[in-house]
There are 2 protein chains.
Amino acid sequence: MGSTKHLSLAVGTAAVVAGALYMWKRLGRTAYNKLTIISPPPSDIDIAQSVQLTPISELFGKKFGLKAGELFSYGIYKGKLSLSVLSRLKHKAPGHYVVVCGVNPTPLGEGKSTTTVGLSQALGAHLGQQVVTCIRQPSMGPTFGIKGGAAGGGYSQCAPMEEFNLHMTGDIHAITAANNLFAAAIDSRYFHEKTASTQTLFDKLCPADKSGKRSFETSMHARLNKLGISVRDPDQMTPEQREKFCRLNIDEKTITWKRVTDTNDRYLRLVDVGMSPTEVRKSTGEQLNRRTGFAITVASEIMAVLALATDMADLRQRLGKMIAAFDTDGNPLTADDFGITGSLTVLLADALMPTTMQTLEGTPALVHCGPFANIAHGNSSVIADLLALKLVGPRGYVLTEAGFGSDMGGEKFFNIKCFYSGLKPSCAVIVCTVRSTKLHSGEAPPVVPGAKLAKEYTEENLELVRKGACNLLAHIRNVRAHGVQAVVAINRFATDSDAELKLLAQIAKDAGAFDAVEADHFSQGGAGAVALGKAVMAACASAKPEDFKHIYDAKAQSIKQKIEAIVTKVYGGKGVKYSEAAEARIRQYDKDPKFSTLPICMSKTQYSLSDDASKLGAPKDFEVTVKDIYASAGAGFLVVSLGAITFIPGLPIKPAYYKIDLDFSSDPPKVVGLS
Amino acid sequence: MGSTKHLSLAVGTAAVVAGALYMWKRLGRTAYNKLTIISPPPSDIDIAQSVQLTPISELFGKKFGLKAGELFSYGIYKGKLSLSVLSRLKHKAPGHYVVVCGVNPTPLGEGKSTTTVGLSQALGAHLGQQVVTCIRQPSMGPTFGIKGGAAGGGYSQCAPMEEFNLHMTGDIHAITAANNLFAAAIDSRYFHEKTASTQTLFDKLCPADKSGKRSFETSMHARLNKLGISVRDPDQMTPEQREKFCRLNIDEKTITWKRVTDTNDRYLRLVDVGMSPTEVRKSTGEQLNRRTGFAITVASEIMAVLALATDMADLRQRLGKMIAAFDTDGNPLTADDFGITGSLTVLLADALMPTTMQTLEGTPALVHCGPFANIAHGNSSVIADLLALKLVGPRGYVLTEAGFGSDMGGEKFFNIKCFYSGLKPSCAVIVCTVRSTKLHSGEAPPVVPGAKLAKEYTEENLELVRKGACNLLAHIRNVRAHGVQAVVAINRFATDSDAELKLLAQIAKDAGAFDAVEADHFSQGGAGAVALGKAVMAACASAKPEDFKHIYDAKAQSIKQKIEAIVTKVYGGKGVKYSEAAEARIRQYDKDPKFSTLPICMSKTQYSLSDDASKLGAPKDFEVTVKDIYASAGAGFLVVSLGAITFIPGLPIKPAYYKIDLDFSSDPPKVVGLS
């Protein structure tokens, strides 16, 4: 065992990208997580690489007294947290539960992730609190495309930012693998059913052993049960039962399961698959091809399933219910019908464990899942929040991030994520900026990425702040409607005037925010968010989690009632129109409690409270139109589409990949150009 | 630091698939790597799960005295080995270098991976030798398709077999990500060039900063150099240079770069991409779609590049040379032209580190890369072998596995892998069986998977052994032609008779094998391969590595001479015919030393020494036909195609995924059904 101890730092050493060549130089430095503030701040990656991080086992071990087998290191600075912690801490009271969301986002960037991280650094490193930050793993598509990474920014980052923004611990890759195995299974089964006799299908699915005896695989029982076939000896099936069992009869026009890729690959938005001569039905010469599309991996239903699962058994059950297509009689065909649920679960088992990381100031972070907030529910995982709440204990704080505004990720946090987790948040932090408030006035010039900002944004203009604050107020109202305290974080930019900041804070407080404080964590780290941290602590102290309420009753209300509750109470609209397709689908779903009792996941633009991206501020008297509705039966919600959402972004003429490289002049070579 | 020590076993704990829920139960057991032999052997997964493994840091640390920062744990039982070991051990003499290959494979399975692992267990656990086994990571496609996993079998396995066969440390996922980012970049650039003016391209690629100054990214220098543009101020380019710089002028019909997936997805063999309305050229209404195909990830050129790279800088250089397509003037367009080489390198940096694992008997294994042996070079990585040879030192042994027969992975090991690594093997182990020898006689009945084996295979038949041995003899001749000792490993099956085994061994020895011994490591673990281990040790002791020679001179001989050397000296054929397309390509490549000096990577069926899969044994007087030839310029070889090879397998009617699941009745839940 001598060499094990000798390796105590090497074991679990960081697979920092640049560490592949040489020993990780940070080892041996002793002052962990000390910021050396420079003004103006250097680039995000330069700041991140300048900080000596704490080995992740030491950080989580020391703070939370983890036991052997509860933390699985993936390199020095990343790990995975075992779900066994949940059972060990079953009787421990949970911490204060704080969700961070935003106003409707603008091209200016409000800094929601940065604020989540900075607030965490303030609470943990400056205010002496136990805190865990739960944030989403970003897609690599935008990392190499336009947006860049998502680890926060300036002196408020989740680290190592290279690993955060790249493969991390492989969760998104595992989702891609599982999603695409299911996709291959669907088309392959379709092909085989088109080209093989029922007898052949039967002989292959239930082959006779040496003694001539056939049997079902355990994975086939779900389909047998669904078909009402109770015999467990294949040879006891009637010819009709055999036909039903062997033939899924996939209606290829109804296949909704897309393949996914974690790449901004616009050419995969719409594709024709099965064009090879091997996909020809020989008896007729028919090419068994099909039009379909890819989505980016974070848009996969599996991402939403993983984010909502409460344990491994729940994960398996949700995966089994995912709908691939409908059969020619209109019945949904699920992963269970394909006998593939077990394999999907095995592929995702490691990914169910949240990744342990840290902020630059050494507060613990759980990075887990990242479903899109405009087509899925846009929140990090239930599992990570459950674990974090137990780890911090009753006096501690868990910050969890919801995508986009309180109308999008926020609303879905309250009514989908908390619906399934049963957790009750104390407080919501709404992140805004003076600049975005001005844009929401509708009277400031449009913002063109790359172009110089108009003076309306860089010079004091109290009138625009006053007019644009309506957007923020709608989000405060929204949070309060769920019985939760609202704390407004005004993320300060250098060009904001004191008067503007003060005015915005006053408007927010007058409108019912528990508090509204400016914060400067981008430039100062946690020290810049101490006032915000104190406000959040005070809000939690005064909050009554039992006041938390959903905006609709998923089980008791009709589908239309639920949609209308969201539109009127959250968006501030006056009503809802439905396309004919949506009406038909609602009639169908309302008849089946499997669907009618599900919460609603609105799919709409994030840029406006309405379904029209150009309507800034707080639009009134608008109606939204439900174009379509479909069930993500595994995730456990009905997706209500208010307009087309791109499932896979493209690359611009000069993508971010032009800047990303290894710098070989550094020893070890370091990653440059990630932002 | 107290909690760090407290966590000494938890740190770097196994992310065993089933460990996501509960503490890993094996912890705390003390007798590592003890086999309890049961006859007949239980299933592979049951055997694998019954053995207490050594924590990987302890195993590698103790055996090789690794320093801090040289081993990066990924869970308890997997890690990544830093390339820094190479510089630290620069002056240490390397060990004996042994390649394991086979005869031409048959549906009966010869057990090449199993023999590699069993031999390693014999050398390390029974003969007291320092040994490292270097094997390939398997694709997950076959794991869920037909073949199942590839960790070896019985009591000779690489463990944990679940992690070996699933995501491992994510290397294949990293290759998928890099490959598909490049693919997206190609189509996206094609689209932008079709729809944007040169001025727009220029403005986006080299935008002016606030002061109006433009600059090139460092990643653009490679293209500028290639175009002979020496100015480093974009505004100094002539209009013609600007046009050349901004427009790659991709000839879309020549795009050879495929997307990849690690899934057996037959519907992606041939696809039409770019069918979305967003891929329409608005000025003309033209749909900018394109026909292309996917390959399985292990067939990506990036897999071959990673397997042949000798260090990080070499990796980057090779990636930059990969050809995406040709421009409309017929010039190759490489990753460097797209400015994407740095990003690809960053995506692959961790994957360049071999994964550390162990055999069931606790001998160390490096698992790294797995290029297809019928379209690529089919060998595990150069880096892993370099590291292993330094770790074991001059008295130790490194076993490295080559795919398929000595005509395929073996020939490419000698003439591609050793060409680039400069390493000289001492010995080749050729794995065969009595049953496969009988099949190669051409007089035994065909083998139908799933059906009962004919009595010719299960009863003694010396005549068939004598006749079929010609295939083995060709492989012995082939190994000897490279100046390397040949040791034949006869992998024993229960139905083999002693007389058959003895006869086959005698024939092999008479034909020039250094030795030929039977081995029973499947049923007995390393104890069953002790005789084989001794034979390998003796062969290495008598070998003169300086006798090793390539079968052709890559730098001096013409392309046709090189191809003909392989066909006549290795395959035993009499000559080569060329299609017109191949002739034209050879004329083109012969003119350019960048291509003409490359080694040759034959792409042909693995089932025969010829290009006709049905020709078993040792066919004579045959000619092969070169259908096509193309450059894998990054990998550094010319692929010479003797016939169509499927780039992506399909799923059968009942794929392996039906059996794979988590068993929740076990605590922790364990993976079942993997084979």
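Remember, predicted model here, so these are calculated numbers, not experimental data. Proteins get letters first, then strands, A, B, ... in listed order; numbering begins at 1 in each.
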Of the listed residues ([options]), which shares the most heavy-atom pairs with chain A below a 4.5 Å separation?
options                                    : value
Met140(B), Arg291(B), Glu193(B), Arg189(B) : Arg291(B)
Thr292(B), Leu201(B), Asp187(B)            : Asp187(B)
Ala183(B), Ala185(B), Gly293(B)            : Ala185(B)
Asp262(B), Leu268(B), Ile172(B)            : Leu268(B)
Arg88(B), Lys210(B), Arg259(B)             : Arg259(B)

Given a strict heavy-atom distance threshold of 4.5 Å, which part of [X] is in contact with chain B: side chain, backbone, both, or neither?
X         : value
Thr263(A) : side chain
Leu86(A)  : neither
Pro652(A) : backbone
Asn180(A) : both
Tyr190(A) : side chain
Ala351(A) : neither

Are side-chain heavy atoms of [X] and [Y] found at a separation under 4.5 Å?
X         : Y         : value
Leu662(B) : Met312(A) : yes
Met275(B) : Asp272(A) : yes
Tyr74(A)  : Thr169(B) : no
Thr218(A) : Asp661(B) : no

Kindly compute the distance separating [atom1] ([X]) from [atom2] ([Y]), expressed to the nearest 0.5 Å.
X         : Y         : atom1 : atom2 : answer
Asp203(A) : Ile653(B) : CG    : CD1   : 9.0 Å
Ile660(A) : Ile340(B) : CD1   : CD1   : 9.5 Å
Phe72(A)  : Tyr77(B)  : CZ    : OH    : 10.5 Å

Closest approach of [X] and [Y], non-hydrogen atoms and distance?
X         : Y         : answer
Ala184(B) : Asp265(A) : CB-CG, 3.6 Å
His167(A) : Leu347(B) : NE2-O, 2.7 Å
Ser219(B) : Tyr658(A) : OG-O, 2.7 Å

Exercise. Excluding sequence neighbours, so at least two apart, what forms salt bridge (Lys or Arg N to Asp or Glu O under 4.0 Å) with Glu217(B)?
Worked result: Lys654(A), Lys659(A)
For this session: Answer yes or no: is there a donor N or O on one side and an acceptor on the other, between the side chain of Tyr267(A) and the main chain of Glu279(B), under 3.5 Å?
Result: no
For this session: Say whether, by atom type as modelled, one donor and one acceptor occur between the side chain of His173(B) and the main chain of Ala177(A) under 3.5 angstrom.
Result: no
For this session: Pick whichever of Ser276(A), Pro207(A), Ala196(A) has the most heavy-atom pairs under 4.5 Å with chain B.
Result: Ser276(A)
Problem set entry | For chain B, the option from Pro277(A), Gly170(A), Ala174(A), Gly79(A) that forms the most heavy-atom pairs under 4.5 Å | Ala174(A)
Problem set entry | Sequence-distant partners of Thr54(B), side-chain contact (heavy atoms from CB on, under 4.5 Å), two or more places apart | Tyr32(B), Asn33(B), Glu58(B), Leu59(B), Gln358(B)
Exercise. Where does Leu344(B) contact chain A at under 4.5 Å (heavy atoms): side chain, backbone, both or neither?
Worked result: neither
Problem set entry | Region of Phe191(B) in contact with chain A, defined by heavy-atom distances below 4.5 Å | both
Exercise. Taking atom types as modelled and ignoring hydrogens, do the side chains of Thr278(B) and Arg266(A) form a donor-acceptor contact shorter than 3.5 angstrom?
Worked result: no
